[in-house]
Engineer: 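Provided herewith is a single structure, encoded as structure tokens, for subsequent inquiry.
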Protein chains: 2
Amino acid sequence: MESREQTRSRATLEDVANDAQVSLATADRVVNKRPGVRAATVAKVNAAIRRLDYRPDPAAARLARTRPRRVVFVLPAGANSFVGMLGEQVEANVEWMRDQRVESKVIAVDVFNPAELAHTLRAQEGHCDAVIVMALDHPLVRSAIDHLVHAGTVVITLVSDVPSSARTHFVGIDNSAAGRTAATLVGRFVGKRRAKAAVILGSLSLRDHAERYFGFNQVMAQEYPHLSVLPPLEGQDTPARNESLATQLIASHPDLAAIYSVGAGNAGICAALRATGRAHDTVFVGHELTSASRAELLNGTMDAVINQDAGHEVRSALRIALAQWSKEAVLSDQERIRIDIYLKDNLP
Amino acid sequence: MESREQTRSRATLEDVANDAQVSLATADRVVNKRPGVRAATVAKVNAAIRRLDYRPDPAAARLARTRPRRVVFVLPAGANSFVGMLGEQVEANVEWMRDQRVESKVIAVDVFNPAELAHTLRAQEGHCDAVIVMALDHPLVRSAIDHLVHAGTVVITLVSDVPSSARTHFVGIDNSAAGRTAATLVGRFVGKRRAKAAVILGSLSLRDHAERYFGFNQVMAQEYPHLSVLPPLEGQDTPARNESLATQLIASHPDLAAIYSVGAGNAGICAALRATGRAHDTVFVGHELTSASRAELLNGTMDAVINQDAGHEVRSALRIALAQWSKEAVLSDQERIRIDIYLKDNLP
DNA sequence: CTGTTAGCGCATTCAA
DNA sequence: TTGAATGCGCTAACAG
């Protein structure tokens, strides 16, 4: 029977002020990097902060703050259901946000129009404290992000990263790892027979789709050489296009053993599989757990769904923004978004 | 380009006091269910609370509280590595807890001794505000939990539930679903050939082991009848015993295609598999992602690991305790512990 | 550039 | 059984 405790109360801003021989207000100014303090004074205060191991008390800060922090979510318009879930999740967290003194707004933009996206982003300057954006990786967008960050706005990319930008943080999964995961699932579910595997994606110009496809191919080539991967088909994430692609695929490849759907629009593929009577003997792996994909998993048309938890992602983005503002520590392992694998048996 | 905002500032305790025509102190007494208030007064205040839709501001409450809340973790002694991870996770959260005005202590007890566990639990009465316990389901334990809860302590069962007790909350996974998940993985990885599958567990008297085994059998029988499941072997969660069990198993069943390890001690099974040269042609599914099982996944001896996130579990337990105390809402979907499936490709 | 002064919303003495 | 008063640690408005 072993035990352990913690005690010791922490240093306050006032302790810091005393130690540095300045006033509370001045100490506060340097902690919050506000202007109007001589460099020498800043140094004194910082020294005191280090000496006393000072960290602001988030509860006190939150209570004292009158003006709420403003965060803007920029999400794709014409939403597929995963994007819809993101929206619902921000909605689901307004209560919690209010407790944290944050207000949010959702703006829907056309993802495929970089100029519009970039314009929307730039327009937020000065109007909010953080923008959380599901962006596409394009020079215009990158520069808009850099601009915002330069102006002191926290920018968090969500789901789809803009790695070359100065974004404060990315919240999402490693898409090539997701693609590799899909490949292992496909390879092991199909088994040892020689056969073909198809890939249907939205567009190769979408960074996450391209990355998933890359990871998928990598593992298939290395570990399942008896399965030949057909050239990728682009269905624009629309069920209708996906359905006709899948139908053709099935017709022209009698030895088609598996389909990996990289993007959205799985309903079309399921329809094709059912119409051709191949729903149960073709391995079908796709992304994002929605009420639709959940049902397809249960009825056996889909065999596995790879997911990123939308709720986790929005909460995580919010917590990270909060942490940036008040320089709290972020628990990196709480904020890591998992590559979830769902089978019919472990559905939430 | 659509948008939406929230505003409106909330009612404070003072608003409630005014509305009910009592003092701040009295309002506070009824909100926190403290004694010494006439029933009629309580009713008045509660009416005001409802009328104004009052909810305490967690930041203010936390700031004003001088005496920290005390939580005690009661965990199994002689820890296997998963339990060790739980301990590390409480350690990893002390900083965060301090911000929330909570102090914690970890007590290690012999899980297999219900009397001692029960005694330890009862001993906490009056010494803490919450106990978070990884218990075993036994009448003595159940009654100790009921006793604590009756005394006003928040009791949260962790990982292993005591469903018949009055515990405030259970944080953990659905173990029969986990067992079913294991079965699907085994069934699909093995494929269509006739063969045998073995189950090794710690003890059938451990509720979670029994439940996993149950779920496993259920799916195997229904969906993979060509795979016959051998009678379960009890290895007490120890690597040595598991190794000899696995070795015998392999020797006596040439057509053994898969092993499902329900509990701890996977190192022994891996050793046996390697020693007999069967590491790569026997499907091996086990539980809990540790540095060891991670390595076995990467080297191909284990094919899948089913996990419950230890960090998520302790944070969740903590958040739920906090929410109970300050009657904040709990985000159920944030607190749901997932049945994680890890392959070598989606490792964190 | 720096200091003084009020609160934020609630918990908690201490009086009545 | 109830109320008045104080302060938690920080932000922000206002003086100097």
Side-chain angles (χ1 to χ4, degrees), chain A residues 8-46 48-49 52-69 98-102 129 322 325-328, chain B residues 8-46 48-49 52-69 98-102 129 322 325-328:
Chain A
R8 209 188 73 228
S9 70
R10 67 213 267 173
T12 72
L13 224 209
E14 190 168 4
D15 297 334
V16 171
N18 290 144
D19 189 277
Q21 312 192 43
V22 298
S23 72
L24 219 202
T26 298
D28 173 77
R29 285 182 185 106
V30 0
V31 165
N32 293 303
K33 301 194 195 322
R34 275 187 280 255
V37 185
R38 250 190 316 172
T41 312
V42 171
K44 269 202 308 189
V45 175
N46 280 327
I49 289 177
L52 302 179
D53 188 29
Y54 169 76
R55 287 192 321 101
D57 181 329
R62 231 146 274 169
L63 179 57
R65 171 169 302 113
T66 46
R67 187 178 47 75
R69 322 221 76 144
R98 217 181 41 167
D99 284 348
Q100 311 299 315
R101 308 291 191 273
V102 353
D129 305 289
L322 234 42
W325 293 326
S326 54
K327 37 200 129 306
E328 294 175 74
Chain B
R8 210 190 71 227
S9 70
R10 67 212 268 173
T12 72
L13 225 208
E14 190 167 6
D15 297 334
V16 171
N18 290 145
D19 189 277
Q21 312 192 42
V22 298
S23 72
L24 220 199
T26 297
D28 174 79
R29 285 184 184 103
V30 1
V31 166
N32 293 304
K33 301 194 196 319
R34 274 187 282 255
V37 185
R38 253 187 317 173
T41 313
V42 172
K44 272 202 306 191
V45 175
N46 280 326
I49 289 177
L52 301 179
D53 188 29
Y54 169 76
R55 287 190 323 99
D57 181 328
R62 232 147 276 170
L63 178 57
R65 172 169 301 111
T66 47
R67 199 176 44 325
R69 324 220 74 143
R98 216 179 43 164
D99 284 348
Q100 311 299 315
R101 308 292 191 270
V102 354
D129 305 289
L322 232 42
W325 294 325
S326 52
K327 38 198 128 305
E328 294 174 75

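First the proteins, then the strands, lettered A, B, ... as listed; each starts at 1. None of the values given here were measured: they were computed from a predicted structure.
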Engineer: Taking only the side-chain heavy atoms of R101(A) (C-beta and beyond), determine which of dT11(D), dG9(C), dC14(D) contains the nearest atom.
Structural biologist: dG9(C)
Engineer: Which whole-number value in Å describes the distance from D99(A) CG to dC10(C) P?
Structural biologist: 11 Å
Engineer: Return the value, rounded to whole Å, for the distance between atom CH2 of W325(B) and atom C1' of dC10(C).
Structural biologist: 18 Å
Engineer: Give the residues of residues 57-67 of chain A touching DNA chain C, defined as any heavy atom closer than 4.0 Å, sorted by residue number.
Structural biologist: L63(A), A64(A)
Engineer: Rounded to whole Å, please give me the gap between CD in Q100(A) and C1' in dG9(C).
Structural biologist: 15 Å
Engineer: Measure the distance from CZ on R29(A) to C1' on dG3(C) and round it to the nearest whole Å.
Structural biologist: 7 Å
Engineer: Atom CZ in R55(A), atom CD in E328(A): separation rounded to 0.5 Å?
Structural biologist: 7.5 Å
Engineer: Could you tell me how far apart K33(B) (NZ) and dA11(C) (P) are, to the nearest whole angstrom?
Structural biologist: 13 Å
Engineer: Could you pick out which residue, R34(A) or T41(B), lies toward the 5' side of DNA chain D when each is mapped onto its nearest nucleotide?
Structural biologist: T41(B)
Engineer: Please step through side-chain contact (heavy atoms from CB on, under 4.5 Å) for the pair D129(A) and W325(A), ending with a clear verdict.
Structural biologist: CA-CA 9 Å; D129(A) 305 289; W325(A) 293 326; 3.5 Å; yes
Engineer: Has R10(B) got a side-chain atom pairing as donor or acceptor with P56(B)'s backbone, closer than 3.5 angstrom?
Structural biologist: yes
Engineer: Please give, in whole Å, the distance from dT2(C) P to N32(A) CG?
Structural biologist: 16 Å
Engineer: Bend angle of the helix from dC1(C)-dG16(D) to dA16(C)-dT1(D) from five-pair axes at both ends, rounded to 10°?
Structural biologist: 40°
Engineer: Over how many whole Å does the gap from R10(B) atom CZ to dC8(C) atom P extend?
Structural biologist: 15 Å
Engineer: Choose from dT12(C), dA4(D), dT2(C) the nucleotide whose nearest atom is closest to any side-chain atom of D28(B).
Structural biologist: dT12(C)
Engineer: Among dC1(C), dG3(D), dA12(D), which nucleotide sits nearest the side chain of R38(A)?
Structural biologist: dC1(C)
Engineer: Tell me which one of R62(B), R101(B), R98(B) satisfies salt bridge (Lys or Arg N to Asp or Glu O under 4.0 Å) with D57(A).
Structural biologist: R101(B)
Engineer: Atom NZ of K327(A) and atom NZ of K33(A): how far apart are they, to the nearest 0.5 Å?
Structural biologist: 5.5 Å
Engineer: Quick one: NZ on K44(B) to CZ on R38(B), what's the gap to the nearest 0.5 Å?
Structural biologist: 7.5 Å
Engineer: For a side-chain contact (heavy atoms from CB on, under 4.5 Å) check, start with the C-alpha distance between R29(B) and V45(B), then their side-chain angles and the critical distance, and finish with the verdict.
Structural biologist: CA-CA 10 Å; R29(B) 285 184 184 103; V45(B) 175; over 6 Å; no
Engineer: Is the shortest side-chain N/O distance from S23(A) to OP1 or OP2 of dG3(C) below 4.0 Å?
Structural biologist: yes
Engineer: For the side chain of L13(B), starting at C-beta, report the closest nucleotide among dT12(C), dC10(C), dC10(D).
Structural biologist: dC10(C)
Engineer: Check whether any side-chain N or O of S326(B) sits under 3.5 Å from a backbone N or O of L322(B) as a donor-acceptor pair, and report yes or no.
Structural biologist: yes
Engineer: Tell me what V22(A) touches on the nucleic acid: a base, only sugar-phosphate, or nothing, going by heavy atoms under 4.0 Å.
Structural biologist: sugar-phosphate
Engineer: Please report the distance, rounded to the nearest Å, between CG in L24(A) and C1' in dG9(D).
Structural biologist: 8 Å
Engineer: Go through it in stages, so that I can follow the logic: the residues are T41(A) and V30(A), the test is side-chain contact (heavy atoms from CB on, under 4.5 Å), and I'd like the CA-CA distance, side-chain angles, deciding distance and then a yes or no.
Structural biologist: CA-CA 9 Å; T41(A) 312; V30(A) 0; 5.7 Å; no
Engineer: Among N18(A), T12(A), L13(A), D19(A), find the residue that satisfies the side-chain contact (heavy atoms from CB on, under 4.5 Å) test when tested with L52(A).
Structural biologist: D19(A)
